Amino acid sequence: MDRDRVARNRAETHLRRIAEAELREASGPGRQPRPSGGQRAGQVAQVLRAVDAIDQVTVDALLADLELALTVRRPAEQPSLASGSGRRRMAGSVSGSGAVSYSGFASGASSGATSHSVSASVIVGPSMPSGAAPSVVQEPPAPVGNRVLPVGLMIPVAADDTSGELYLMAYAQSAGGALFSMHARIHEQPSPGATRVPGHPPGMQLLSNLTATDEAGVSYALSFSGGGSNGEWSGQLGLFPDPPPGIRWLDLTAPGGSVTRVSLDSTPPPACTVTESRLSVGEQLLHRMAVQLLVRRPAGRLDDVVEALILADVLSPLSPVPGQLAALCDQLGYEHGIPPAPGSELPEEWRSVLDHRGTPGTGPGFAALAAAFPELDGSTLTLLGLHSNRDETILHIRVTGRWEPTDHYLTTLPLLLWLRDDSGGWHAVGGSGGWSTSGDEINARMSVVPPLPHSATLEVIATGLSAQAQLTMPLHWGKHRSGGGPDVV
Amino acid sequence: MWFESAPPCETEVPCGDSTHTLRWEAGTLQLPSHPDADAELVLAALGGGKAGCVQIAEIWARHTEDLSVLAIGRRGSADQITVSWDTVQAAEKSASHAGWTAMAGPPPGPLASAAAATVRRASATRFPMRPGHGSQAMRQAIQAEREQAQQRTTDHLSLLALGPAFGVRLAGQVAAAHAQRLAGARGTAAGAGTRAGAGAGAGARTRYPHRPALNAAIEGRVALLAEEWIGIDPGQVYASVHEDTGWGTVQLTGTGTRRRRGAARLA
């Protein structure tokens with residue numbers, strides 16, 4: 001279509017203008033190259049990709065040119081864009097907070113998974129038109145062979161000088177393999193003369209030596225993939241080889257020989273309501289940015305983004321959302337560059353999060369949560385549990401679709417995600433606390449802001465570009481504890 | 001022809017154990033030390049070594065229509081770019097080691113890092129698999145794309161190492177090539193319009209996929225001139241490819257005598 005072609009040309013021109021502006025800042029007398037050079041263009045490129053207003057080949061070439069152009073203008077002693085870029089730093093395996101990530105099989109078999117525990121700036125956002133009328137109510141149509149069910153089991157683990165608890169939250173099986181989502185608390189009591197495996201913290205040693213046996217007597221090795229620090233580990237335990245699709249239980253053997261039976265009886269999935277999204281594509285993207293602001297940090301030059309979306313014909317110049325975003329920035333004390341729109345009222349969800357930011361968490365705990373959403377615009381989302389530390393709540397999810405956590409510091413999840421507790425409080429989901437890939441699936445642990453209270457029910461809204469899906473499910477919280485037997489929740 | 005206003009220029013380039021002169025004149029790159037470059041290419045194809053001068057001539061030929069030359073190259077006389085042949089060699093060496101191991105950390109030196117980073121970028125988005133994943137075919141595809149990106153980066157560094165005089169002439173050649181293509185596209189559109197009885201002739205916007213890149217290249221250069229001559233914010237300069245008869249137009253919004261005089265000079 002001609003209109004589409006014109007919009008795409010405008011979008012690409014806008015991106016190139018920003019690249020030129022960044023290059024001007026880095027060249028010429030009296031101008032100093034900035035370590036963050038290329039960031040504006042990178043951000044707008046992500047936005048335009050997210051709304052499919054530009055193709056990936058053009059973006060790759062443009063950013064590669066810009067990167068090289070900036071580098072050849074940078075004095076030799078300056079740090080290079082390549083080594084200083086946040087995106088590439090995120091490829092590391094140790095987070096800024098010192099958390100360690102790990103992936104591997106104790107048996108030496110290839111897990112086919114890589115893990116990252118990094119502070120990726122993730123935005124996940126709302127598209128929560130208040131009062132949207134449901135159009136379809138359906139059972140989440142899990143793809144053939146896919147299986148997801150809550151587990152809710154605390155298993156004590158101990159070996160030599162370490163002990164702790166392993167909390168299994170959910171079991172999921174798909175084309176990418178079978179796994180338990182988990183959280184663990186491991187305590188070390190080193191005995192004199194005990195030897196340590198270099199690079200293998202005590203928690204890893206325990207989590208890397210779990211095995212399982214199904215009702216047919218088939219044995220499985222469990223591979224931990226995730227991250228952690230200070231004795232807290234979270235992620236998933238992958239099973240190798242893949243179990244058959246219909247197994248009913250697994251006997252999990254922990255280091256030290258204790259065996260715990262994990263029931264894998266299927267439970268009816270929560271009903272899911274699907275409605276048409278009432279926000280435009282551009283508005284949805286701005287909502288994602290709002291969540292980014294609420295959860296983590298300033299999202300860069302928002303005026304660039306708004307202009308790019310308008311030029312790409314996916315955001316009306318009359319849309320109220322840019323003004324709302326500007327108002328949100330003002331409240332948070334972030335610069336934004338968006339022209340003021342007096343009288344902009346914040347959406348209910350944003351207001352709720354703002355009002356409760358800084359609310360302390362309700363303490364350690366975990367919830368057996370498992371639900372698969374229907375496919376939304378080519379992406380699928382599966383909820384795999386919640387766990388709380390002292391100050392934060394982490395949502396475990398699995399996503400398939402177009403998602404590159406390392407490369408998306410602006411828009412991460414291909415779907416927007418909001419939670420609402422049973423007292424009506426909204427919770428933004430963003431800021432990956434670590435992720436790992438398995439085939440085309442990504443397992444991630446997302447921050448929930450503000451921390452979720454130990455709510456009896458949870459409403460979850462996931463939004464794609466054209467539709468949003470909503471489900472409500474009961475939550476059964478288990479408390480963290482030390483010692484004792486299995487604690488079914 | 002576009003190059004009539006550009007005088008000949010020369011530079012020294014590494015060639016084997018010595019340096020040779022490379023010359024540009026009247027739109028053509030010349031290798032005075034290699035009078036029969038074609039024969040050398042045949043020998044190279046048969047397994048012989050390829051002379052450095054010949055390699056550079058090949059790189060030049062590969063990029064005479066490459067808009068990346070405009071995106072990376074100098075915007076004006078104050079725009080300083082320094083790339084030496086040592087850095088080109090370092091980048092070649094670094095990029096050749098920029099396989100999966102490059103994920104672990106940046107290689108030394110900004111230019112070498114840029115080369116390796118470009119190589120990583122090439123496959124990171126289209127092949128989201130991680131080390132150890134994927135079929136043999138996938139890994140081969142990733143490797144091929146990385147090699148292509150590596151070649152592209154070292155090509156551009158080599159072209160920059162030739163110096164600004166060669167840079168501006170290559171930019172001229174690229175611009176001329178695209179002007180010709182655009183004129184061809186316009187002619188095709190006009191013909192189609194005439195046949196269809198529609199007004200697709202003079203003034204009509206032709207379908208040309210590289211228009212945004214061309215516009216940005218023009219704008220990036222004109223903006224610096226406008227800033228220097230008129231004193232306006234270069235971010236307020238908008239330029240686009242002229243698609244009608246004549247040489248184009250300059251339009252200045254706002255007021256100010258000095259700026260008006262400057263705009264006339266710019267025009």
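Chain identifiers are assigned alphabetically (A, B, ...) following the order of the sequence lines, protein sequences preceding nucleic acid strands; residue numbering begins at 1 within each chain. Predicted, not measured: the structure shown is a model, and the values here were computed from it.
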**Message:** With a 4.0 Å cut-off on N to O distance, would you call B:D233 and A:R24 a salt bridge?
**Reply:** no
**Request:** Name the region of B:L160, side chain, backbone, both or neither, that has any atom closer than 4.5 Å to a heavy atom of chain A.
**Result:** side chain
**Proximity breakdown for B:A223 and chain A, heavy-atom pairs closer than 4.5 Å** = side chain
Partner set under side-chain contact (heavy atoms from CB on, under 4.5 Å) for [X], not counting sequence neighbours:
{"X": "B:Q89", "answer": "B:D86, B:E92"}
{"X": "B:A165", "answer": "B:C9, B:R169"}
{"X": "A:T13", "answer": "A:R17, B:P212"}

**Request:** Test side-chain contact (heavy atoms from CB on, under 4.5 Å) on A:V72 and B:L157 and set out the steps.
**Result:** CA-CA 8 Å; A:V72 297; B:L157 291 175; 3.8 Å; yes
**Asked** What do the steps show when you test A:R73 against B:R75 for side-chain contact (heavy atoms from CB on, under 4.5 Å), and what is the final call?
**Response** CA-CA 11 Å; A:R73 286 163 172 82; B:R75 270 41 172 188; 3.8 Å; yes
**Request:** Between chain B and each of A:R10, A:H14, A:E12, count heavy-atom pairs under 4.5 Å; write down the option with the most.
**Result:** A:E12
**Message:** Applying a heavy-atom distance below 4.5 Å, give me the residues of residues 59-74 of chain B that approach chain A, sorted by number.
**Reply:** B:S68, B:A71, B:I72, B:G73, B:R74
**Prompt:** Atom CZ in B:R152, atom CG in A:D65: separation rounded to 0.5 Å?
**Reply:** 4.5 Å
**Message:** Is any side-chain heavy atom of B:H156 closer than 4.5 Å to one of A:L68?
**Reply:** yes
